Amino acid sequence: MPKHRNAFLAGTALCLLVSASTPLRAQLSDAINDAILGGGAPQPQVSNPPSEQPADAGQPPAAGPPPASEQPPAAAAPEPQPDPSAQNPGAQNPGARDPSVQATPEPIAPPAASNQAAPAMASPSYANDPGATPVPGTVAPGLARLSTGDEPSLGNGIRVSQDDISNGTIGFRQIMEIGRHLFTQSFTAVEGYGEGPTGPREKKRHQIAANGIGPMAAFLQVPWMRVHGLDAQACLECHNVAGFETPAGGATPGRTVRPDRVSGAGAVTSAAIINPLLEDPAPKWVVDAFRERGVADPGNMYAVFLRNPPHVFGAGYTQKLAEEMSFDLLAQRRSAIDQATQNRGQWYEIRLNSKGTDFGRYQVRVDAGAPRPGESLQPCGSEPTLVERCDLIEGVSEDFVVRPFQWKGIASNMRNFVRDALNFHFAMVPTELVAAGANPDPDGDGLVDEVSIGEVTALTAFALGARPPSTFAPSDGAEAARVAHGRDIFEGRAGLDASLACVTCHQASKTVLNPVVRVHDPRPDRESMRIVARESSNAAPVLTVTDNGVGLGQAAPRGLLLPVEQEFLEGGQTPAKERAVQGQSAARESSGRRPPQGAAFAFNLNMNTPFEDRVFLASQPRLPSDATGAVEVPLFSDLKRHRMGRCLADVIHQQTDRAGVFVKRDEFVTRPLWGLADTGPWLHDGRALSIRDAILKHSDQACADDGSGYVSEANATVAAFQALPAEDQEALLAFLHTMRLPRDASFDGVDQNR
């Protein structure tokens, strides 16, 4: 029988706009504290050691002020200071482009005859709050009741529809509690866990084990397949590694796990073993990818992808950075197209750069008689109104969307990852994945409406609200000096050639300009009404994805805007900096706590408005922010994909969250290093059992030549590391060991030696 759900009131934060007559600097601070639900007290903040950071990138000027939006108006950003290294690009940030001011796209000769570079760009930097301090310790948490693993997870007070959240009737704390519950609890069969006999995976494994001795025969009597999903009952089973510590007062130096491990990384036993061929039917892109490699019948493949679970800490900051970088790249592409449209027949080129990350160059021509390009554009090379050169774009997909999540950078936002993980790991099918008119029970277990849109929203909000990783500062003077020397080596100021330093890819920090993070609402379908679903509590159309079977990376069809693209258009097609510093031409007040347009939920990363008045300790401390609300995020990544060579290459390419947009076999997004020391084993499949081993495996020398022709971009850097004196290598490793996952001080009152 289909399940019936119990609605539970929920609500969300709202980004309010302030009057355009307010001075710009006052606008941002008021927008964050007053306009977003009336102001509030600052939250405890992380103290991280100051460092030389890569300069943020400027963007091409917008054609005009954007229309009013739900995004908070921002104060004028600090003016860029003269940089003595401006004539020597890479001196402060090796590998970064010359940070000069962005110019408009320049006309160029046809690509065949010229390969000239476009002007480089720059942007201001922001100082940390010098008064920030870590959250203090508190007493041990109290206990309301004990529960068992036999209880259904989706009961009264937890079940929530998106309508309830959008009505604005409950607060941030309740949404976060529901999200934490969904993250930590075990889903059970009575609420939809697992597949029935006709499920896409269950059907296939019975087919290939019909004689009782096939490769899947051992799984026929157990509820978990382990290979290709049904490999856990809760998010916490995989995301639970947060490091070790030696408790005070012990009789020995024996270590134990940290008490709070929610949102951590995963041990090698938690690695996802992904084989999309074990679906019925197997996704066409997977079959085609094997055919391209000359494998006509890959049916004996045990695994296609292996993925070690990364930690989730600081995910809200990471998503916001990627969205602002996407705004920049989308605006730069549009700026070049606008110039080419005004001067038809002439090639134009623009440098693609955001927040210090260089994404190569984009070239475009609009021929005479071609229709004027529309507001929404297809990925590079697919837009029929344009002649484009796409091979100069580096480290980002042809749709110009920066994807920060999953090892290859295939998910553009946390909701897409959460939605797909529920389906893949638990067969808890989110309603938003069920197409209108399609079988309402795609996993064949006799249950429908297994996870509502509102419940995915709550789980996503909890994941995005997790506190950020931190940096451990040694108290011993000699060790502190060794760590400082290691950082100098890492950043190319000692020992290594600056052009080969680790910081060329693992850039120390990037700045979030607008701290309001959004969970997108999948219901409004603006582009593709043929692909809709309906949540049981609401007859409104639901934007969905389909035709991909089961697996990580469910893909939206071409022509359907991703949330970041929709927000870009709604914001006047302006880059991130312009959105943050210019006043709103038609600012207006809003009422209630309803989410911004296109958002299912929104909250302030600084958590300093009354709406976030009872913040989880699990969300504290926060990163410091400046007077404008901007946040410097020390994630140690450029959020760009790089070629990692033959040793790390996957068996086939992998699809992103957009159909037809793939990541090459040997490309991976630069993994943020914050929290590195507590997340072993390392690398995408857990093959490295030490941080040193992870460094060495960046090189093609770590394996035999397989004839693929893939070459790692890190070969020279690894060779330079190996050439360092032993004491310098150890200093670099000592610095990397200071990058820790955050420690919840609320457990300080617990005697772990008792």
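Model, not experiment: these values are computed from the prediction. Nothing fancy with the numbering, it's 1 onward along the sequence.
Using a 4.5 Å heavy-atom threshold, the side chains of S153 and I158 count as separate. Contact annotation: the side chain of W682 approaches that of L676 to within less than 4.5 Å [non-hydrogen atoms, C-beta and beyond].
Between H239 and F183, the angle of the ring planes lies from 30° to 60°, which puts this pair in the tilted group.
Heavy atoms from other residues, nucleotides or ligands lying under 6.0 Å from CD of Q701 number 12 at most. Counting non-hydrogen atoms of other residues, nucleotides and ligands closer than 6.0 Å to CG of D150 gives a total of 12 or fewer.
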Under 3.5 Å, side-chain donor or acceptor atoms of residues 660-668 against the rest of the protein: list the pairs with distances, not counting sequence neighbours.
unit_1: R665; atom_1: NE; unit_2: D650; atom_2: O; d: 2.8
unit_1: R665; atom_1: NE; unit_2: V651; atom_2: O; d: 3.2
unit_1: R665; atom_1: NH2; unit_2: D650; atom_2: O; d: 3.4

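The disulfide (SG to SG under 2.5 Å) pairs that include a residue from residues 272-311 number zero, where partners must be two or more places apart or lie in different chains.
The residues R467 and D260 are annotated as salt-bridged, a charged nitrogen and a carboxylate oxygen being separated by less than 4.0 angstrom. Between D399 and R658, at least one side-chain nitrogen of the basic residue sits less than 4.0 Å from a carboxylate oxygen of the acidic one, meeting the salt-bridge criterion.
No side-chain donor from either of N275 and H228 sits under 3.5 Å from a side-chain acceptor of the other. Looking at S712 and R646, their side chains never bring a donor and an acceptor atom within 3.5 Å of each other. Inspection of the S326 and E323 side chains reveals no N or O donor paired with an N or O acceptor under 3.5 Å. Side chain to side chain, T457 and R415 meet the donor-acceptor criterion of an N or O pair below 3.5 Å.
Shown here are the side-chain contact (heavy atoms from CB on, under 4.5 Å) partners of L422, two or more places apart in sequence or in another chain: F187, V418, F426, P430, V451, V456, L459.
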